[in-house]
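First listed ligand is number 1; within each ligand, the first listed atom is number 1.
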Amino acid sequence: MPVFQDFVVISRNFVPMQHADILLHLAEHEPVAFDGGSPTLYQTSNFLFDTAENMRHALINEDTVPFYTRGTNPTVQLLQRKVAALEGMDDALVLSSGSAAVATAVLGLVKAGDHILSVAKPYSWTAKLLGSLLPPFGVTYTLADARDTEAFLAQVTPRTKLIFLESPNSWTFEMQDMEPIAAFARERGILTLMDNSYASPLNQQPAAYGIDLVAHSATKYLNGHSDLVAGVLCGSRDLIQTLFKSTYMTLGACISPYEAWLMLRSLRTLPLRMKHIGETTRAVVDALEGHAKIRRIYYPHTASYDQPELTKKYLKGPGGLFSIDLKTTEHTQILAFANSLRKFKLGCSWGSYESLAFPAITTMTSLNYDNPNIVAERVRLSVGLDEPQDLIDDLMAALELA
Ligand SMILES: *Cc1c(COP(=O)(O)O)cnc(C)c1O
């Protein structure tokens with residue numbers, strides 16, 4: 001049985017690798033039957049041993065040696081190494097969803113009496129975790145506007161154990177100056193966790209600015225094909241090992257080997273997809289700037305964005321998600337705009353091959369979006385692999401009806 005004995009700490013002596021090297025070559029030299037050209041799919045729950053001694057060895061090293069797939073599986077492990085390297089961090093866990101990644105990290109790091117400081121508008125289910133799930137267990141939280149670093153950090157209390165960041169955040173794309181926040185936290189022994197889904201590891205590496213843990217909804221760019229739900233958590237070897245032994249194993253939100261294998265396949269084209277998506281989105285946003293039917297555009301890479309210094313400091317390239325506020329607040333006109341889109345399909349997720357529109361008006365009475373920050377005339381758009389002119393034509397025609 002091939003065992004990953006070469007599972008080593010990557011980043012202490014980290015030599016930055018080219019994305020192509022990470023995605024095409026890193027960690028892919030394990031012996032495989034018949035020298036298959038694609039990674040071996042170990043679609044198994046269990047691993048078997050020829051001796052009790054070998055079984056014991058695997059169990060003692062369950063975080064690196066395949067023993068049981070809820071812990072370590074070679075296909076998942078290959079994926080973990082790729083995403084850790086993309087983030088420039090030691091180690092990673094890959095989980096069954098982005099929400100599982102955030103919950104596994106947060107629940108593993110706080111206890112009764114602790115306080116969490118979070119950005120004002122985290123992803124909706126992160127807000128639910130902080131606001132509904134944790135308080136009955138004695139964990140308190142503060143949501144605060146983090147566009148002003150000083151005012152944000154003034155909300156830290158002696159009990160603050162964790163600072164949660166999401167830069168840029170979804171819907172309004174507010175950014176945080178993570179470097180001084182991470183430095184402040186580190187001095188006080190407070191951990192920092194960043195949801196980096198929007199930028200992808202290609203466009204932003206929070207570890208370079210001192211962030212301790214990075215979470216992704218891998219459902220979005222990392223997988224990018226709308227065929228699975230997954231999450232990623234990257235950090236130091238120590239932190240990841242601590243989480244492995246606590247919440248990762250107890251909550252059991254592991255990814256299936258098959259889905260890990262699909263994601264390995266998707267990852268090969270991440271740089272190509274991000275390049276196309278970024279360029280297309282810039283062209284689309286440029287075409288929309290100043291449009292008579294649009295009151296405001298939210299996108300870190302456009303001239304009207306209000307935190308350009310943070311775009312410049314942190315984002316290496318543009319992403320494909322942005323929002324517009326229509327000028328009209330008439331529900332019939334907002335619905336007419338949304339319903340006449342053709343290339344943009346109506347749907348909630350983002351970061352995939354298809355272009356999607358998520359009208360905020362659809363969320364108004366739903367389970368988790370009772371959010372005063374979201375107004376009816378806002379529409380979030382996710383650019384996929386369409387051609388820019390097709391998307392521009394689609395939006396222009398729909399705006400006629402708004
Ligand atoms: C989608 C999303 C999540 C949750 O990820 P799932 O894979 O859907 O669980 C977390 N954060 C952000 C920013 C997201 O867009």
Side-chain angles (χ1 to χ4, degrees), residues 79 83 87 92-107 116 118-131 133 143 146 164-176 178 193-204 206 211 213-234 247-248 251-256 259-260 262-263 266-267 274 277 281 298-300 314-315 319-323 347-352 354 356-358 360 363 366-369 371 373-374 378-384:
L79 180 58
V83 293
E87 278 292 358
L93 296 170
V94 182
L95 301 98
S96 58
S97 73
S99 298
V102 171
T104 295
V106 173
L107 292 169
I116 300 170
S118 164
V119 290
K121 302 171 198 169
Y123 174 70
S124 53
W125 290 104
T126 302
K128 270 274 197 256
L129 171 70
L130 302 179
L133 203 74
L143 301 181
F164 182 87
L165 304 175
E166 188 179 317
S167 185
N169 72 338
S170 167
W171 288 95
T172 48
F173 308 101
E174 291 162 15
M175 290 182 72
Q176 300 105 52
M178 66 178 124
L193 166 58
M194 162 77 118
D195 183 334
N196 197 32
S197 304
Y198 175 87
S200 90
L202 267 51
N203 286 334
Q204 180 169 263
I211 297 294
L213 278 165
V214 174
H216 284 276
S217 169
T219 316
K220 315 295 167 46
Y221 290 129
L222 293 178
N223 188 60
H225 288 70
S226 294
D227 49 13
L228 62 85
V229 173
V232 163
L233 205 51
C234 299
T247 40
Y248 183 73
L251 298 178
C254 60
I255 191 173
S256 78
E259 291 190 331
L262 280 177
M263 202 165 124
S266 301
L267 270 182
M274 291 309 292
I277 286 171
T281 309
Y298 303 83
Y299 185 55
Y314 293 115
L315 294 177
L321 194 65
F322 67 100
S323 299
C348 76
S349 191
W350 56 273
S352 193
E354 78 274 54
L356 288 170
F358 189 173
T363 72
S366 83
L367 179 61
N368 65 322
Y369 283 92
N371 182 341
N373 300 309
I374 293 187
R378 190 162 300 158
V379 181
R380 197 184 69 185
L381 296 154
S382 173
V383 167

Indicate whether any N or O donor in one side chain lies under 3.5 Å from an N or O acceptor in the other, for E354 and S226. yes

Short list, please: which atoms of ligand 1 are under 4.0 Å from a heavy atom of [X]?
| X | value |
| --- | --- |
| D195 | 10 (C), 11 (N), 12 (C), 13 (C) |
| G98 | 5 (O), 6 (P), 7 (O), 9 (O) |
| W350 | 15 (O) |

Starting from atom 4 (C) of ligand 1, which protein heavy atom do you reach first, and at what distance in Å?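 Going by distance alone, atom 4 (C) of ligand 1 is nearest to Y123 CE2, 3.3 Å.
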
For atom 1 (C) of ligand 1, the protein heavy atom that lies nearest, with its residue and separation: K220 NZ, 1.5 Å

Is a side-chain donor or acceptor of Y314 paired with a backbone partner of P168 at a separation under 3.5 angstrom? no

Any sub-3.5 Å donor-acceptor pair from T281's side-chain atoms to V383's backbone N or O?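 Side chain of T281 to backbone of V383: no pair is present.
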
Of the backbone atoms (N, CA, C, O) and the side-chain heavy atoms from C-beta on, which set of S99 has a member under 4.0 Å from an atom of ligand 1: side chain, backbone, both, or neither? both

Is the shortest N/O to N/O distance between [X] and ligand 1 below 3.5 Å?
| X | value |
| --- | --- |
| E166 | no |
| T219 | yes |
| V229 | no |

Measure the acute angle between the ring planes of F173 and Y198, then classify it against the limits of 30° and 60° as parallel, tilted or perpendicular.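 The rings of F173 and Y198 sit tilted, inter-plane angle from 30° to 60°.
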
With a 4.0 Å cut-off on heavy atoms, is W125 in contact with ligand 1? no

Strictly under 4.0 Å, does any heavy atom of A230 approach an atom of ligand 1? yes

Cation-aromatic face contact K220/Y123, 6.0 Å, 45 degrees: yes

Knowing that exactly one of N196, L193, I211 qualifies, which makes a side chain to side chain contact (heavy atoms under 4.5 Å, CB included) with L165?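 The option that passes is I211.
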
Between OG1 of T219 and CG of D227, what distance do you get to the nearest 0.5 Å?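 Spacing of OG1 (T219) from CG (D227) equals 10.5 Å.
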
How far apart are the C-alpha atoms of T126 and V106, what are their side-chain angles, what is the distance that settles it, and do they pass the side-chain contact (heavy atoms from CB on, under 4.5 Å) test? CA-CA 10 Å; T126 302; V106 173; over 6 Å; no

